[in-house]
Amino acid sequence: MRVALLLSVFVGLGLASGVRAQSGFGISAGSPEAQSFHVGALELTSLHDAQFVLPNNGKVFGIDAGAAAVADVLRAGGAPTDRITLSVDALLVHDGRRVLLLDTGLGPKAHGGLLSSLMVAGVPPTAVTDVLITHPHLDHIGGLLDADGNLAFPKATIWMSSTAWNWLKGQQDSQALAKAISTHIHTFEPGARIAPGVRSVSLPGHTPGHVGYEIVSGHSRLLDIGDMAHSSIVSLAKPQWKVAFDSDAALASATRQKTLAALAKSHERVFAPHFPFPGVGHIATSGDAFAWMPDVP
Ligand SMILES: [Zn+2]
């Protein structure tokens, strides 16, 4: 998700980030949480970072449909109709030799609680050998730096698609972060194998070079979809709707519809960083669209 846009939404409403305003909209760290489960022989852990509560004002989700249509979808999903709640989570993969972290949350400077959740999981930051980035928006890369602006995972190689890295280096507000991580960056082309059983998957549209990661062990597999879908209710019920966070909304919508259809068919397990914690489950077909089937381990 594009946090600059999100913050501007909140600022536009006169709401401060990091503080739950009286209305209930904003960004909050929430409590540290770590939920472990297995994919084949691999141990995975979902790590909670933060919570976004956005107003349903037709300016972020369903910008081509309007707030009333979004409210109808939220109501059908059993959710409040005046807001859209998104979790911010990351995924840890332990293969017995390497410790891979998929995305890093907002970072302590922006109220991200990932490091506390990592502590709950019993993993010190220095144990992380590889950080795999789906895309360089702040809610996925902010946690690469600690509260002092130093590398949060000093021993880790940071993997990012070459298109994503070039895009990040061109962002005015990301210069300090790009400089801090530049010596640890290892770029790849989407589709590349990152580690044994871990492959990047091109999921274009949300940002230039946006990827997911597929984890395979034996006959078991899981796809970390990154920001291919944001809301477990709206993005699945109306995958064709435009989302303001997507840099190429038409391409993102096409990717969403195609990928959700494939996941519903394969019944492959999914990790979605913005779905309700721990963000693990399956995609099912529902009428002419899709629904989220949480599979909490
Ligand atoms: Zn995001």
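Quick caveat, the model's predicted, so the values are computed rather than measured. Just so you know, ligand 1 is whichever comes first in the structure, and atom 1 is the first atom listed for that ligand.
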The Zn ion (ligand 1) to nearest N/O/S of His274 below 2.8 Å: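 An N, O or S atom of His274 is closer than 2.8 Å to the Zn ion (ligand 1), so yes.
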Short N/O/S contact of His140 with the Zn ion (ligand 1) (below 2.8 Å):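 Given the 2.8 Å cut-off, His140 counts as a ligand of the Zn ion (ligand 1).
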Partner residues of Asp246 under the salt bridge (Lys or Arg N to Asp or Glu O under 4.0 Å) criterion, sequence neighbours left out: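 Testing Asp246 for salt bridge (Lys or Arg N to Asp or Glu O under 4.0 Å), a comparison that skips the adjacent residues, returns Arg256.
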Worked check of side chain to side chain contact (heavy atoms under 4.5 Å, CB included) between Phe188 and Val211: CA-CA 11 Å; Phe188 59 85; Val211 297; 4.1 Å; yes
Side-chain donor-acceptor contact under 3.5 Å, Asp103 with Thr134: yes
Over all atoms of both residues, closest heavy-atom pair of Ala284 and Ala264: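 Taking Ala284 first and Ala264 second, the nearest heavy atoms are C-CB, 4.3 Å.
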The Zn ion (ligand 1) - name of the N/O/S atom of Asp139 that sits closest to it: OD2
